[in-house]
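Note sheet for the following structure.
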Amino acid sequence: MQSENETYLGFDLSTQKLKAVLLNAKLENVAHAEVKFDSDLPEFRTTGGVNVGTAKNEFFVQPVMWIKALDMVLDRIVVQGADLSTVAALSGSAQQHGSLFWSRSGIEILRNLDADKFLHTQLDDLAFTVHRTPIWMDSTTARQCEEMESAVGGRERMVEITGSGCYERFTGPQIRRIFQQRPDCYRNTERISLVSSFLASIFLGDVAPIDCSDGSGMNLLDVRTRDWSDECLAACAPGLRTKLGQPVPAATIIGTIGSFFVQRYNFNAACRIVAFTGDNLSALAGMNVGQDWLALSLGTSDTVMMKLNTPSNLQEGHVLVHPTDDGFMGLLCFRNGSLVRDIFKRSEANDNWENFSELLDSTPRGNFGNLALHFISKEILPPVKGSLRWNKSSSLASVELAKGVVKYSSSQTEIRALIEGQMLTRKAYASEMGFSFGENTKILATGGASANRSILQVVSDVFNAPVYTQKTTEAALCGAAYRAKYVLSVARSKEKCDGAQGPGSYYDFIAELLPHSVTRVCDPSKDSEEIYGSIIERYRAMVSFMLENQE
Ligand SMILES: Nc1ncnc2c1ncn2[C@@H]1O[C@H](COP(=O)(O)OP(=O)(O)O)[C@@H](O)[C@H]1O
Ligand SMILES: O=C(CO)[C@@H](O)[C@H](O)COP(=O)(O)O
């Protein structure tokens, strides 16, 4: 096949949906399909893509739901006109930290998939030893976090090795909880996958390796040596190195597509599979973020991402192995993102984003001193649960004043207080992580809520920087297909060995193919610094009050 007729397939298994995109050689969209877990797979009874457990802060998903979604999304993209025989390489992105525990029989089935049957009727519950896969929203592992940190010599040491202190959603503490509470399941587990490597495994027809970039969200990988840390493995659970397998760089071709997909969906047997990675890493690849850029993903969770040349030893936030170069990526994750905005849209704006935007636009910057923090489920940064609304007279001066007001008198005040509070939180943590804001700072927004210009104007004002968007709000999804094309080009140039120049760096390769990929959509108002420079101090006082007064 001529390389100009080749296509590249990307997947994104995020919290609420499984999406697929097919891109041509110019990285233009040829076909797109998605499956929404709540509405397309109601039999799994998810809300926002997840099941709520009986224990406090327990969230899980049944892996079979994701497998059924894969059957459906492939059927849908074919119906959209995708000719899958043209796919030269595919890759994927998935929500970070979740873990899947393969049984021995599950791996056997994976290696011998029958093309006459659906995937989900073959890879059913028996394929996994744990039928309720803990996902990133779960925060039931406080004890395991403490145990792992103290076993390696404290939080600072954990940050030094893995780029992050222990967080309840990180995979190491989650694995340790399974090992402690369900020892038989742990013993019977042949291999453990992340959500990204699990999805890759299905295409490969065997357990796929975990990539070092998503692997750095586990509290198990040494981000400098890019291998599992023996200290962290020992602090987590026995026999783990074998169950995890050897990690590989994200830019690795892990094999060719399994025969199931060749027979059932007409893929070319030579279609290569590039290691799948975490959604935030894939979003960084999709946005092709260079220096001076701060990437802001407004998806189910909100995340702030930046390129780092050296790992910072910050206690808060995460340093991950960069997915497309030799450096590192800084990541800050905020659990209360779109799901909270969704709640306010329903309660204050007749469940309509246009109304929500009108209400937001009808209030002045600074909201007359009204500022709110809403951490409806326990937040990651800062680690607080609850809501606090301050007006212009509230302060730390007395406990009564600091408790704030119950609710503001108007919906517009409620909405602006929410969005300004969210964006001030993102900015405060980005500064703490070491991002230096200056004249050249630019914000690149993506994710579902980046379609909302009114929200982006608040972002621009709070950060005092211009905001850009890409044509697509699906950076993680596109990043998967971009990486597939780039890694295949590198591999082909190595295979040729003809002395010709390879494709160069990922950044240059994508920038050349997509020279006009970003559009400047908002500029900061002239008084932004004056207004938000001082509000940030009030924001900090509110966080201190919440931290001191939480149950
Ligand atoms: N016009 C809009 N304004 C604000 N938020 C929006 C708008 N359209 C979609 N969203 C938000 O986008 C969220 C989904 O974002 P998305 O990036 O698709 O999620 P995921 O994390 O599953 O990839 C929804 O929960 C919704 O709140
Ligand atoms: O936990 C994190 C990052 O550390 C989350 O960002 C998950 O990776 C979920 O992503 P979305 O589905 O919200 O995009």
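Ligands are counted one by one from 1 in listed order, and the atoms in each one are counted from 1 as well. Computed from a predicted structure; not experimentally measured.
Ring planes of Trp293 and Tyr468: perpendicular class, angle over 60° (limits at 30 and 60°).
Two residues are said to be in side-chain contact when any heavy atoms from C-beta on lie closer than 4.5 Å; His32 and Gln80 fail this criterion. Using a 4.5 Å heavy-atom cutoff, the side chains of Lys427 and Tyr539 are not in contact. At a threshold of 4.5 Å between non-hydrogen side-chain atoms, the residues Phe344 and Ile419 do not count as touching. Considering only heavy atoms from C-beta on, Ser164 comes within 4.5 Å of Asn219 through its side chain.
In summary, Arg177 and Glu168 do not engage in a salt bridge, as defined by a charged side-chain N under 4.0 Å from a carboxylate O.
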Provide, line by line, the atom pairs where ligand 1 and the protein bring an N/O atom each to a distance under 3.5 Å; else say none.
| from | atom 1 | to | atom 2 | distance (Å) |
| --- | --- | --- | --- | --- |
| ligand 1 | 3 (N) | Asn452 | ND2 | 3.1 |
| ligand 1 | 15 (O) | Gly448 | N | 3.4 |
| ligand 1 | 17 (O) | Gly448 | N | 2.9 |
| ligand 1 | 18 (O) | Lys17 | NZ | 3.0 |
| ligand 1 | 21 (O) | Thr300 | N | 2.8 |
| ligand 1 | 21 (O) | Thr300 | OG1 | 2.7 |
| ligand 1 | 22 (O) | Ser14 | OG | 2.8 |
| ligand 1 | 22 (O) | Thr300 | OG1 | 3.2 |
| ligand 1 | 23 (O) | Ser14 | OG | 3.3 |
| ligand 1 | 23 (O) | Lys19 | NZ | 3.1 |
| ligand 1 | 25 (O) | Gln16 | NE2 | 3.4 |
| ligand 1 | 25 (O) | Asp342 | OD2 | 2.9 |
| ligand 1 | 27 (O) | Asp342 | OD1 | 2.4 |
| ligand 1 | 27 (O) | Asp342 | OD2 | 3.3 |

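Around ligand 2, the residues contributing at least one heavy atom under 4.0 Å from the ligand are Ser14, Thr15, Gln95, Gln96, His97, Trp136, Arg169, Asp279, Asn280, Thr300, Ser301, Thr303, Leu331, Cys333.
Applying the side chain to side chain contact (heavy atoms under 4.5 Å, CB included) criterion to Thr446, with sequence neighbours excluded, gives Met287, Ser297, Ala475. The side chain to side chain contact (heavy atoms under 4.5 Å, CB included) check on Ala20 picks up Phe11, Val73, Ile77, with sequence neighbours excluded.
For His318 and Phe170, the ring centers sit closer than 6.0 Å to each other.
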